[in-house]
Amino acid sequence: MNLADFQHEIYLAGLDGIVPDLPTNLHRLEEVAGARLTPQAHDYVAGSAGAERTARANLAAFDAWKIVPRMLRDVAERDLSATILGTPMPAPIILGPVGVLRIFHEDGELAVARAAKALGVTMTLSTAASTAMEEVAAEAGPRWYQLYWPKDRDLAASLVGRAAASGYSTLVVTLDTCTLAWRPRDLDRAYLPFLRGIGVQNFWSDPVFQKAIGGPVTDANRDLALLHWAANFGNPSLTWDDLAWLRQEWDGPIVLKGIQHAGDARRAVDAGMDGIVVSNHGGRQVDGAIASLDALPAITAEAGGEITVLFDSGVRTGADVAKALALGARAVMIGRPYAYGLGLGGEAGVRHVLRCLMADLDLTLALSGRSTLADVGPDLVTR
Ligand SMILES: Cc1cc2nc3c(=O)[nH]c(=O)nc-3n(C[C@H](O)[C@H](O)[C@H](O)COP(=O)(O)O)c2cc1C
Ligand SMILES: O=C(O)C(=O)c1ccccc1
């Protein structure tokens with residue numbers, strides 16, 4: 001696959017008067033989605049914590065870094081493929097974990113799995129998925145599993161055991177959401193999809209969970225199931241010491257998602273972790289927190305040589321990906337853009353988003369004189 005092919009396809013279709021169904025500028029997807037999603041679902045995905053200052057800062061941080069292109073470097077043959085934690089990728093772009101995808105489209109996680117598989121892109125399935133992990137696995141290509149570590153250790157063990165058994169190769173443990181933040185848009189609508197029983201499928205289908213509530217979830221015990229879910233979902237008492245237990249439960253790579261401080265990156269190395277995602281959850285957790293891109297340089301300086309550093313929060317364009325790579329990330333995760341793509345166009349909408357971002361990245365790097373990821377380093381950018 002030539003990553004820039006998508007650009008040629010769009011221009012060729014244009015000769016027949018066919019223009020793309022969705023905007024190719026992924027910043028614009030949010031506006032378009034505003035007109036098409038339910039107001040609750042749109043506010044849920046577009047919204048962030050507090051006054052949404054960190055969400056805005058995440059985007060603005062990319063504006064502060066500028067790419068410095070180089071010329072005459074023979075960029076005719078290009079290859080942006082990478083192997084990240086043993087997973088081969090056509091480009092250093094991963095679908096990050098986004099829960100409750102059925103609020104955007106009836107095919108939810110299955111549509112995302114099909115789109116990702118068609119392009120050989122890795123998807124990360126959320127613990128808060130609206131489709132059970134085994135069902136998603138049956139349709140998915142390369143896949144990672146994101147753990148929201150529940151209070152009950154047996155339940156945690158069961159979730160990760162099921163993920164391993166159904167072929168999820170890397171465990172992504174999200175640390176920044178041991179409880180949901182103050183999110184005014186959701187509060188003002190009294191909207192939480194999980195309270196409506198969406199995003200609980202990995203629990204409903206779990207044998208340890210079912211045992212705790214005395215059997216499979218039915219209309220009769222649904223309220224009990226939701227209470228048990230709510231009591232278990234977040235685990236604010238976790239500490240770094242708990243990672244030793246998880247390390248024993250999971251044979252493959254473990255990635256800690258939500259790191260923003262170089263000291264925590266160091267602790268991840270010390271705890272025997274394989275990777276980290278420098279992320280602030282898209283500004284959905286601590287409003288007023290540092291922009292995720294601004295946290296990246298100190299973290300890669302501290303631990304980039306010892307642990308695989310991934311990045312998310314604010315990635316919308318090929319230039320954004322290039323900047324994160326230049327500042328030391330090995331790959332990026334995307335979140336909101338593919339949720340909008342799903343809501344607007346189902347499987348084809350997710351494919352559109354991925355092809356836009358991969359083609360844009362390829363063209364950005366080529367026009368900057370870089371044909372492989374090995375050519376991308378700190379000298380690509382300046383402030
Ligand atoms: C609607 C929505 C749901 C999310 N659900 C999860 C989740 O279940 N698990 C998780 O680790 N992160 C979740 N995230 C965070 C994303 O993985 C990612 O960190 C974030 O979207 C990055 O910010 P951006 O989309 O603005 O680039 C969610 C984000 C959104 C927008
Ligand atoms: O909304 C979120 O950001 C999120 O991570 C989440 C948390 C719980 C269930 C579903 C998604």
Side-chain angles (χ1 to χ4, degrees), residues 1-38 41-42 45-46 59 62 67 69 71 73-81 88-95 98 101-123 139-142 315-322 332 334-372:
M1 176 178 39
N2 182 341
L3 297 178
D5 278 351
F6 191 41
Q7 187 199 39
H8 303 302
E9 280 175 32
I10 289 174
Y11 284 135
L12 286 177
L15 294 176
D16 295 328
I18 302 167
V19 299
D21 287 337
L22 297 179
T24 54
N25 171 352
L26 302 185
H27 281 287
R28 284 207 54 231
L29 282 176
E30 185 164 312
E31 306 158 30
V32 179
R36 301 260 290 274
L37 298 178
T38 65
H42 183 260
V45 61
L59 303 181
F62 283 98
I67 292 172
M71 302 297 129
R73 289 187 167 200
D74 185 1
V75 293
E77 295 291 328
R78 305 188 295 274
D79 176 5
L80 299 187
S81 65
M89 307 185 176
I93 296 170
I94 298 163
L95 294 181
V98 173
L101 289 172
R102 283 184 199 262
I103 66 173
F104 306 115
H105 189 277
E106 60 185 0
D107 296 336
E109 290 79 8
L110 295 179
V112 172
R114 292 175 192 134
K117 183 180 184 181
L119 297 172
V121 169
T122 296
M123 83 176 279
E139 304 262 356
V315 175
R316 302 290 181 269
T317 69
D320 295 344
V321 181
V332 302
I334 57 169
R336 288 183 174 100
Y338 86 85
Y340 295 128
L342 175 67
L344 292 167
E347 178 186 340
V350 178
R351 222 170 37 237
H352 170 88
V353 166
L354 283 171
R355 295 181 81 192
C356 284
L357 199 59
M358 290 198 293
D360 183 9
L361 175 65
D362 180 35
L363 294 167
T364 299
L365 289 179
L367 293 167
S368 304
R370 271 73 173 183
S371 15
T372 71

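All of these numbers come straight from a predicted model, not from anything done at the bench. All values below were derived from every heavy atom in this structure, side-chain atoms included, with hydrogens, water molecules and symmetry-related copies excluded.
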Would you compute the distance between atom [atom1] of [X] and atom [atom2] of [Y] and round it to the nearest 0.5 angstrom?
X	Y	atom1	atom2	answer
Gln7	Asp362	CD	CG	9.5 Å
Leu3	Ile93	CG	CD1	8.0 Å
Leu357	Arg316	CG	CZ	10.0 Å

Side chain to side chain donor-acceptor pair (under 3.5 Å): which pairs involve residues 341-354, sequence neighbours left out?
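Checked against side chain to side chain donor-acceptor pair (under 3.5 Å) - neighbours excluded - the pairs reaching residues 341-354 are Glu347-Arg351.
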
Does some side-chain heavy atom of [Y] sit less than 4.5 Å from a side-chain heavy atom of [X]?
X	Y	answer
Ile334	Leu354	yes
Asp360	Phe6	no
Leu26	Arg336	no
Pro23	Leu29	yes
Ser371	Glu77	no

Do Asp16 side-chain atoms and Ile18 backbone N/O form a donor-acceptor pair below 3.5 Å?
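Not at all, since once roles are kept as given, no pair shorter than 3.5 Å links the two residues.
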
Checking His105 side chain against Ala339 main chain: does a donor-acceptor pair fall under 3.5 Å?
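Pair absent, no side-chain N/O of His105 close to backbone of Ala339.
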
Identify the heavy atoms of [X] and [Y] that sit nearest to each other, and give their distance.
X	Y	value
Ala116	Leu95	CB-CD1, 3.8 Å
Gly108	Leu342	O-CD1, 3.8 Å
Leu363	Ala4	CD2-CB, 3.8 Å
Leu361	Pro92	CD2-CD, 4.0 Å
Gly120	Pro142	O-CG, 3.9 Å
Arg102	Leu110	NH2-CD1, 4.1 Å

Side chain to side chain contact (heavy atoms under 4.5 Å, CB included) partner of Pro90, chosen from Leu80, Val121, Thr122:
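Considering Leu80, Val121, Thr122, a side chain to side chain contact (heavy atoms under 4.5 Å, CB included) with Pro90 is found only for Val121.
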
Can you name the one residue among Arg114, Glu109, Lys117 that meets side chain to side chain contact (heavy atoms under 4.5 Å, CB included) with Glu139?
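Checked Arg114, Glu109, Lys117 against Glu139; only one passes side chain to side chain contact (heavy atoms under 4.5 Å, CB included): Arg114.
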
Pair Arg370, Arg78 - check side-chain contact (heavy atoms from CB on, under 4.5 Å), show working.
CA-CA 8 Å; Arg370 271 73 173 183; Arg78 305 188 295 274; over 6 Å; no

Do Val353 and Tyr340 pass the side-chain contact (heavy atoms from CB on, under 4.5 Å) test, and can you show the C-alpha distance, the side-chain angles, and the key distance before you say yes or no?
CA-CA 9 Å; Val353 166; Tyr340 295 128; over 6 Å; no

Pair Leu119-Met358, side-chain contact (heavy atoms from CB on, under 4.5 Å): steps then yes or no
CA-CA 10 Å; Leu119 297 172; Met358 290 198 293; 4.3 Å; yes

Verify side-chain contact (heavy atoms from CB on, under 4.5 Å) between Val32 and Arg28, making sure each step is shown before the conclusion.
CA-CA 6 Å; Val32 179; Arg28 284 207 54 231; 4.0 Å; yes

Should we say atom CG of Asp21 is surrounded by more than 12 heavy atoms from elsewhere, each under 6.0 Å from it?
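Atom CG in Asp21 is not crowded, with 12 or fewer foreign heavy atoms closer than 6.0 Å.
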
